[in-house]
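When reading the values below, keep in mind they use all heavy atoms of this one structure, side chains included, and skip hydrogens, waters and symmetry mates. The chains referred to below are lettered A, B, ... by the order of the sequence lines, with proteins before strands, and numbering in each begins at 1.
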Amino acid sequence: MKLVQETPFRFRIERQAPMRVPGVVFVSRDLMPEEQALQQIVNVATLPGIVGASYGMPDLHWGYGFPIGGVAATDVSAGGVVSPGGVGFDISCGVRLLAADLHREGLVPVMDRLMDDLDAATPRGLGGGGVWRLPGPAQLDRVLREGACFAVRAGHGEARDLDRCEDQGAVAGADPGQVGTRAVERGLLQVGSLGSGNHFLEVQAVEEIYDEAVAAAFGLRLGQVCVMIHCGSRGLGHQICTDHVRAMDKAMIDYGIGVPDRQLACVPVDSPEGRGYLGAMAAAANYGRANRQLLAEAARRAFRQVAGAALALVYDVSHNLAKVEEHDGRRLCVHRKGATRALPPHHPDLPADLAPFGQPVFIPGTMGTASYVLTGVPGGHAFHSTCHGAGRVQSRHQAARSTSGRELRARLEGRGIAVRGSSWRGLAEEKPDAYKDVDAVVAASVGAGLCRMVARLVPLGVVKG
DNA sequence: ATGTCC
């Protein structure tokens with residue numbers, strides 16, 4: 001593999017057969033990922049119909065088929081493919097940020113009670129029940145088609161929330177008929193739950209503002225209390241990915257498609273299997289949005305009761321999704337896996353009041369480190385995409401071996417960060433040093449011209465999945 | 001990420 005540094009934050013992997021396009025990785029030398037992740041960029045570059053380049057974001061690391069932090073677009077009318085590995089198992093995993101009408105000083109006297117209420121109001125952990133007990137598949141069908149809109153229609157939220165969600169709260173084209181019975185069974189029990197792993201609900205404070213005008217437009221000011229929710233589509237999305245990878249693995253033979261890694265199973269976007277996956281994926285995306293909407297409502301109740309404060313939605317955006325988008329007059333299937341859409345100012349898909357400022361992007365740090373609010377920039381690369389988080393450097397196993405959950409919690413609480421966990425093991429697996437430095441990832445993203453900084457948020461309390 | 005293997 002021939003890696004050429006083009007700028008301080010951009011490396012090119014020269015195209016050589018069977019690559020159809022070059023690789024472009026937006027990293028600094030310090031953030032250069034393991035060889036396996038770069039090899040995955042190369043593998044993705046061989047996919048039928050891929051255009052531009054196979055991209056890697058600054059938080060790039062090894063994943064299932066595609067790297068996490070990978071962006072790839074295929075030309076639908078030129079036999080371009082869709083690959084479930086380009087979205088990942090946690091379909092539509094994403095982040096929502098809410099801003100409280102409250103300064104962090106006002107929170108101090110009620111913080112313990114607030115954290116206890118959020119702890120009780122946030123279903124989480126492996127398996128388990130959600131905040132909604134769906135009576136049956138008919139109700140789930142509406143969640144899958146209508147996403148956050150269904151939650152709001154059912155009284156869980158305000159109309160304005162939907163203006164501040166990607167796709168106004170529901171991805172079009174959801175096809176519940178493509179969601180298997182097992183995915184349905186798993187989905188019925190988990191609507192409105194956080195999950196586990198790196199998913200969390202965090203109470204944060206705005207510590208620094210880099211762009212006053214954009215921050216004000218997003219509804220953010222210095223010292224303000226915020227709530228960040230990071231979660232996905234739970235077992236439902238996972239099962240959909242499993243089912244459709246299996247189906248494509250068989251079907252791709254009929255389309256004469258060969259890939260260097262079986263985990264890159266794919267079929268043309270414009271095929272029954274391709275449309276089937278995208279329909280099921282959209283349904284999972286809507287499930288994820290309903291999930292975040294319901295969790296946000298639970299947080300609103302706690303804030304209202306304990307602090308008399310209201311929470312306004314800043315935005316809700318996914319970082320694991322494939323979307324058919326128009327770029328330079330072509331219909332492209334843009335896969336973003338561990339990569340966040342970052343629309344530039346004046347993009348037609350932005351809500352009117354945000355149009356001059358670009359799309360809000362949220363980068364969750366790890367427990368105990370900062371999170372960032374970013375915005376899209378004109379001329380953004382990689383089909384308007386940027387990073388999504390810190391990115392792991394240690395496996396879960398490595399992380400849990402070197403730290404205990406109790407020790408970690410004591411360390412965080414010693415620094416004034418309240419912790420409400422769901423399992424000690426899960427807590428240990430998420431220790432901050434298991435991740436890259438989120439400050440460096442964001443600096444590289446800005447340096448590479450993928451986005452710009454709006455605000456930095458610090459954790460006050462974390463409800464951990 | 002995930003009822004961490006049907």
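- In this model, a donor atom of one side chain and an acceptor atom of the other lie less than 3.5 Å apart for A:Y372 and A:D439.
- The nearest heavy atom of DNA chain B to A:L126 and to A:R392 marks one nucleotide each, and the one closer to the 5' end goes with A:R392.
- Proximity of A:T242 to the phosphate of B:dT2: no side-chain N or O atom is located under 4.0 Å from OP1 or OP2.
- Atom NE2 of A:H238 and atom P of B:dC6 are 9 Å apart (whole Å).
- Applying the 4.0 Å criterion to OP1 and OP2 of B:dT4, one finds that A:R396 has every side-chain N and O outside that range.
- Side chain of A:S371 to backbone of A:G365: a donor-acceptor contact under 3.5 angstrom is found.
- The salt bridge (charged side-chain N to carboxylate O under 4.0 Å, His left out) check on A:D117 picks up nothing, with sequence neighbours excluded.
- Looking at residues two or more places apart in sequence or on another chain, you find a salt bridge (charged side-chain N to carboxylate O under 4.0 Å, His left out) between A:R425 and A:E429.
- To the nearest angstrom, P of B:dT2 lies 16 Å from CG of A:D243.
- Rounded to an integer number of Å, the gap from CZ of A:R246 to P of B:dT2 is 19 Å.
- Between the CZ atom of A:R425 and the C1' atom of B:dT2 there is a distance of 15 Å, given to the nearest Å.
- Residue A:G232 is out of contact with every strand shown, counting any heavy-atom pair closer than 4.0 Å.
- The residue A:G235 sits close only to the backbone: its heavy atoms come under 4.0 Å of sugar-phosphate atoms, none of a base.
- Atom-to-atom, NE2 of A:H397 to C1' of B:dT4 comes out at 13 Å; the value is rounded to the nearest Å.
- As a whole-Å value, the separation of A:I68 CD1 from B:dT2 C1' is 13 Å.
- Judged purely by distance below 3.5 Å, without hydrogens or angles, the side chains of A:Y435 and A:E430 pair a donor atom with an acceptor atom.
- At the heavy-atom level, A:G195 lies under 4.0 Å from the strands shown only through sugar-phosphate atoms.
- Atom P of nucleotide B:dT4 and atom CZ of A:F89 are separated by 13 Å, given to the nearest angstrom.
- Separating the CD atom of A:Q190 from the C1' atom of B:dT2 is a distance of 9 Å, rounded to the nearest angstrom.
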